[in-house]
Structure formats: structure tokens, C-alpha cells
Amino acid sequence: MSTDKRIEPRTLKGFRDYPPATMLPRERLMETARRVYRSYGFSPIDTPALEYLEILTGKGSDETDRQLYRFQDHGERWVALRFDLTVPLARFAAQHIAELGTPFKRYHIAPVWRGENTQRGRYREFVQCDFDTIGTRAAAADIETALVIHDLFQALGFRDFAIRVNHRQVLNGLLERIGLGEQSTNVLRALDKLRKIGPEKVAEEMIATAGATRPQAEQVLKFAAVSGTNDEVLAQLGPLVAGSQRGEEGVARLAEIIAAVRGAGVAEERLAVDVSIARGLDYYTGVVFETFLGQLPGIGSVCSGGRYDNLAGLYTSQELPGIGASLGLDRLLAAMEELGLLEKVATPAPVFIPYFAADRLVDYLRLAAALRAAGMNVEVYPEARKLGQQLKYADKRGCRVALVQGEDELAAGQCQIKDLTSGQSQSVSLGDGFAEVVAAVQRLLTIGAQT
RNA sequence: GUGGUUGUAGCUCAGUUGGUUAGAGCACCAGAUUGUGGAUCUGGGGGUCGUGGGUUCAAGUCCCAUCAGCCACCCCA
């Protein structure tokens with residue numbers, strides 16, 4: 001091919017390649033999420049990336065409709081790429097709930113697409129790790145959702161994080177009481193900016209977009225100013241929603257969740273009632289969650305969710321309440337990268353076998369097989385190059401142990417085990433079936449893993 | 001989608017009011033060291049100056065457009 005015809009290799013805006021050094025921690029995160037979800041009995045499902053357009057439109061908000069990747073397929077059907085995993089779940093549940101039965105607990109780890117503007121931690125293609133419980137209104141499901149989020153971040157190695165929890169009905173109950181019930185979406189949207197733009201601007205926006213009066217706006221702000229410990233917040237909320245059945249129910253549900261999560265042994269500061277948490281997709285109707293990293297609040301919520309009591313109502317007459325949350329894998333990775341929490345390793349194999357003596361490949365393959373049988377990841381170098389170059393290769397990739405066998409060692413029935421971290425070597429007899437070598441390597445890796 | 005900002009080697013960047021063959025550090029490759037990596041020294045490869053147009057005798061440098069990154073709005077994972 002001539003040079004001038006060559007196509008420039010490039011990726012689309014908001015889409016990225018994942019080289020090994022970023023894919024390894026990515027997979028580790030997905031495995032952790034999978035493990036935690038499964039530990040609560042959530043089962044895996046998958047659904048198509050493409051759905052009929054009508055399935056996806058009008059389910060999130062006007063904004064998500066605008067962000068939808070949509071086009072006609074070869075059969076001239078209007079289709080779209082899913083923008084989250086919850087709407088496909090609703091369709092899936094409406095279609096299959098008869099066979100699945102309720103309550104139905106599933107997790108779903110898969111990419112979603114949104115055609116919005118990019119920013120740090122915001123991409124057009126990103127992976128979400130969702131878990132949801134369908135078919136029950138029980139408070140236990142709300143409580144379990146909070147516990148799963150907590151366990152998840154704990155398992156990922158975070159210590160400084162906070163799950164903020166609120167209840168849509170608490171806010172709506174108040175709005176109902178003061179006559180703003182019809183305008184809840186606009187009011188909540190304005191209220192959500194409280195931390196960023198301050199109470200005065202929020203009041204202005206509520207007056208402008210929701211048609212609120214000045215006294216109404218003041219009341220909403222007074223409500224949002226409630227603060228303190230969880231017990232203090234709940235105590236203040238009670239009188240504010242008194243008289244609104246929905247509001248009272250919401251506060252009671254929040255109190256129940258807080259008490260149960262506390263009772264399950266979760267530290268108080270990990271779960272905080274926060275009435276200013278108003279965001280989330282429009283389909284949430286009950287409790288809502290957002291999770292922030294203490295060291296990096298600016299990147300936004302890394303795990304959000306909530307209760308939706310009528311998600312599948314657009315597809316079926318069967319009532320399917322549900323609750324769940326979504327871990328934003330790529331946003332979380334961007335945060336961890338910034339915090340320096342990602343291990344810089346470019347290989348999944350800690351054990352390296354240089355191809356030393358040109359005519360002894362089979363000996364190296366047999367040793368590698370023995371180590372793999374013992375559960376270790378082992379790489380054998382493919383070319384009989386200079387030993388120094390091979391060790392350099394292993395070092396660069398982050399291998400931890402090299403097993404050096406030249407003519408001398410092979411003749412003596414020995415293997416040199418080189419610790420690439422310390423540089424020290426020891427000689428071990430190959431023996432029958434490499435048992436001694438396997439044990440020695442295993443010991444080295446275990447010690448290394450503890451530091 | 002709107003506004004702002006940036007774009008020179010794989011990476012981080014320098015490049016003087018426009019002026020000849022565009023530089024450095026790191027990384028990479030080779031050698032010093034025919035069986036031992038991370039250090040040092042020497043040498044080497046690698047650049048359509050994001051892309052396309054325009055102004056000019058002359059553009060990495062000025063203008064316009066476009067693409068991409070970042071930031072804010074919006075929204076959200």
C-alpha cells in the first residue's frame with residue numbers, strides 16, 4: 001500500500017482504547033463488583049447493546065433523549081444504543097418476569113453510550129456495573145442496596161467515601177404542602193445546585209423556571225438547610241413534612257434504612273441523610289443514593305441509584321417496583337488514576353521464564369506448565385535472546401520472579417529463582433515434578449503480596 | 001448543544017518582534033558487558049509542528065475553518 005493512501009488511525013471523540021496497563025485494573029474492578037453482587041445473591045444478565053428506539057426514548061429525561069445514539073439499521077428499523085442499563089432491565093423484566101419470578105435480583109456489567117460532551121471522567125462510551133432488585137417494595141431491599149454499595153467500596157479498597165441518601169417523597173411531600181407539587185422537577189433541578197451556586201441563585205432559579213413565589217422558595221431553602229447527624233436531620237424533617245402523608249412515609253423509610261444499616265455494623269459517617277440530593281433520572285420515586293469519594297468530590301457521584309416504583313409500567317400492566325444502583329466504572333477509574341491508587345503493572349503474569357538455552361524450550365514449557373497447574377500465571381519468553389534483554393523486558397512489565405535455567409542449571413538439575421524486586425537469587429533442585437520450585441515461587445509471591 | 005482554553009518526537013515540554021537543515025529530557029533500539037534487569041557512558045532510530053485552507057518573499061509562529069483534549073454551563077456514571 002502506498003503511503004498517501006494510508007488511513008490515519010484514530011478513535012472517536014469520547015471513545016477510548018484500553019491498553020493492558022489500564023485494562024488490568026479495569027478488569028480487577030469488574031471482578032470485585034461481580035464478587036460483591038454475587039455475595040448478595042444477585043445473578044448476571046445481559047441484554048443487546050441496540051434496542052428499538054421506542055424502547056429507549058422518553059424513559060430517562062429530555063436530556064437523555066438528546067444524548068441517544070440513534071440511526072436506522074439495514075432493515076430501516078429505527079434503533080438506538082442503550083444509554084443506561086436500567087431501561088433495558090425494565091424491558092427485560094416486562095418480557096421475562098413470568099419465568100423469572102419475583103423478587104428478581106440481577107447484576108449487569110456492560111458498556112453504555114451517551115452522545116454528550118466529554119470531560120474528565122465523562123466519556124461517550126463507558127461501563128456501568130448495575131445491580132437491581134425487582135418486584136418488591138420492601139424496605140429490606142432499600143437497606144440491602146445501601147449495604148451492597150458500602151461493601152463494594154470497602155472491597156475496592158476505599159476508606160474515605162460517603163453514601164448520601166435521600167427520599168423523593170420527602171421533598172415532594174414538602175412541595176405538595178406548600179403548593180409546588182406540580183413543579184417538583186424544576187424545583188429539584190434548581191435545588192440540586194445549592195452547593196454550587198448558593199441559596200440566593202437557587203431561589204432566583206426556582207422563581208424563574210418553576211414559577212415559585214419568593215416565600216415558597218424560602219421554604220424550600222429552609223428545608224434544604226437542614227443538617228447535622230442523621231438522627232438530628234431526621235428529627236428536624238419530621239415537623240417539616242407533618243401533614244403530608246407522602247412526606248411522612250418518606251421520612252419514616254429513611255429512618256428505617258439508617259437504623260438498619262447502622263445495626264448491620266456500617267460506620268455512621270458512611271451513610272448520610274442529605275436532603276439536597278435531588279438528582280438522578282426522572283424515574284426514581286423513592287429513596288435515592290449517591291456516592292462520593294472524600295478525596296475527590298469534584299468528579300461527581302461514582303455510584304448512584306434509587307427506587308423506582310413503576311419502571312416497567314411503560315411496557316407492561318404488571319406492577320414492577322424495583323431498586324438498584326449503578327457503579328460508574330470508568331469515572332471511578334479516572335478518580336483512582338488521579339489519586340494514584342492504580343498499580344502500575346502491565347502483565348497479569350508475575351512469573352517470568354527467560355528462553356535461555358536455545359535448544360531447551362521444552363524444559364521451559366514443562367516448568368511453566370507445572371507452575372500454571374499450581375494456579376500461577378507464567379510467561380515464557382518466545383525468543384532465545386540475550387538474558388539481560390529478557391530480564392529487562394520482565395522488569396518493565398512488572399514481573400516479580402524470574403526462573404533462570406541455562407545449560408549449567410539444567411545439567412545440574414537446578415533452577416535459579418530470582419526475586420526481581422530484591423535482585424537476589426536462590427538455587428533450587430528441580431526434583432520430580434518441580435515440587436520444590438513451585439513451593440519456593442509460591443512463597444516468594446505470597447511474601448511480596450503482603451508488602 | 002453553548003462558551004472558554006490548549007494542540008510541536010511514544011511521553012513531558014522549549015522554540016525570542018514571522019527568517020535558513022525544528023531542539024531537550026524521559027522512553028525506545030544498539031554497544032561498552034559472548035549467562036543476569038532497574039545505575040552510568042557512547043551511538044542510533046523516530047516529527048505531515050493535530051488537520052485543511054488563507055495572508056506573506058518567507059508560517060511551528062499571524063488569520064479562518066475543522067478535529068481532538070481540558071474547563072465551565074447543561075446533565076450525569
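Values reported hereafter were calculated over all heavy atoms of this structure, with side chains retained and with hydrogens, waters and symmetry mates removed. By convention in this document, chain letters (A, B, ...) are assigned in the order of the sequence lines, proteins followed by strands, and residues within each chain are numbered from 1.
Checking B:U20 for Watson-Crick or G-U wobble geometry (two distances, each under 3.5 Å) identifies no partner in any strand. Under the Watson-Crick or G-U wobble criterion, with both distances below 3.5 Å, B:C74 is left unpaired in every strand shown. The partner of B:G25 is B:C11, judged by Watson-Crick or G-U wobble contacts that both fall below 3.5 Å. Base pairing of B:A68 is made with B:U6, judged by Watson-Crick or G-U wobble geometry with both donor-acceptor distances under 3.5 Å. With a cut-off of 3.5 Å on both Watson-Crick or G-U wobble distances, the partner of B:G31 is given as B:C41.
For A:D408, the side-chain atoms get nearest to B:G35 when compared with the rest of B:G35, B:C71, B:A30. Of the candidate nucleotides B:A77, B:G35, B:C29, B:C29 has the atom nearest to the side chain of A:K392. Closest contact between the side chain of A:K386 and the listed nucleotides B:G38, B:A77, B:G35 involves B:G35.
Using P as the reference atom, B:U17 and B:C26 are 29 Å apart when rounded to the nearest Å. Remark: the separation of the P atoms in B:A24 and B:G46 is 14 Å, to the nearest Å. With C1' as the reference atom, B:U12 and B:A27 are 11 Å apart, rounded to whole Å. Nucleotides B:A77 and B:C62 place their P atoms 42 Å apart, quoted to the nearest Å.
Contact annotation: A:Q67 does not reach the phosphate of B:C75 (side-chain N/O to OP1 or OP2, under 4.0 Å). Checking the phosphate oxygens (OP1, OP2) of B:A30, a side-chain nitrogen or oxygen of A:Q389 falls inside 4.0 Å. Neither OP1 nor OP2 of B:A27 sits under 4.0 Å from any side-chain N or O of A:K396. Considering only side-chain N and O atoms, A:R122 lies nowhere under 4.0 angstrom from the phosphate OP1 or OP2 of B:A77. Here A:T118 reaches the OP1 or OP2 of B:G69: one of its side-chain N or O atoms lies under 4.0 Å away.
Each of A:V404 and A:L329 lies near RNA chain B, and the nucleotide nearest A:V404 is the one positioned closer to the 5' end. For the pair A:S326 and A:Q405, both in contact range of RNA chain B, the more 5′-proximal nearest nucleotide belongs to A:Q405.
Where stacking is scored as ring centres under 5.5 Å apart with planes under 30°, A:Y393 does not register as stacked on the base of B:G37.
Between the side chain of A:Q119 and the base of B:G69 there is no donor-acceptor pair of N/O atoms closer than 3.5 Å. At a cut-off of 3.5 angstrom, the base of B:U36 holds at least one donor-acceptor pair with the side chain of A:Q416. For B:A77, its base sits under 3.5 Å from the side chain of A:E116 at one donor and acceptor pair at least. No hydrogens or angles were tested; on distance alone, a donor-acceptor pair under 3.5 Å links the side chain of A:R331 to the base of B:C76.
Relative orientation of the A:F104 and A:F92 rings is parallel, given thresholds of 30° and 60° on the angle between their planes. Note: A:Y284 and A:Y308 have tilted aromatic rings, judged against thresholds of 30 and 60 degrees for the angle between ring planes.
Between the side chain of A:R114 and the backbone N or O of A:F83, at least one donor-acceptor pair lies under 3.5 Å. A:T291 places a side-chain N or O within 3.5 Å of a backbone atom of A:C303 that can act as its donor or acceptor partner.
You'll find the side chain of A:L445 reaches within 4.5 Å of the side chain of A:M376, heavy atoms only. Under the 4.5 Å side-chain criterion, counting only non-hydrogen atoms from C-beta, A:Y123 is not in contact with A:R331.
A:D419 comes within 4.0 angstrom of a base, heavy atoms only.
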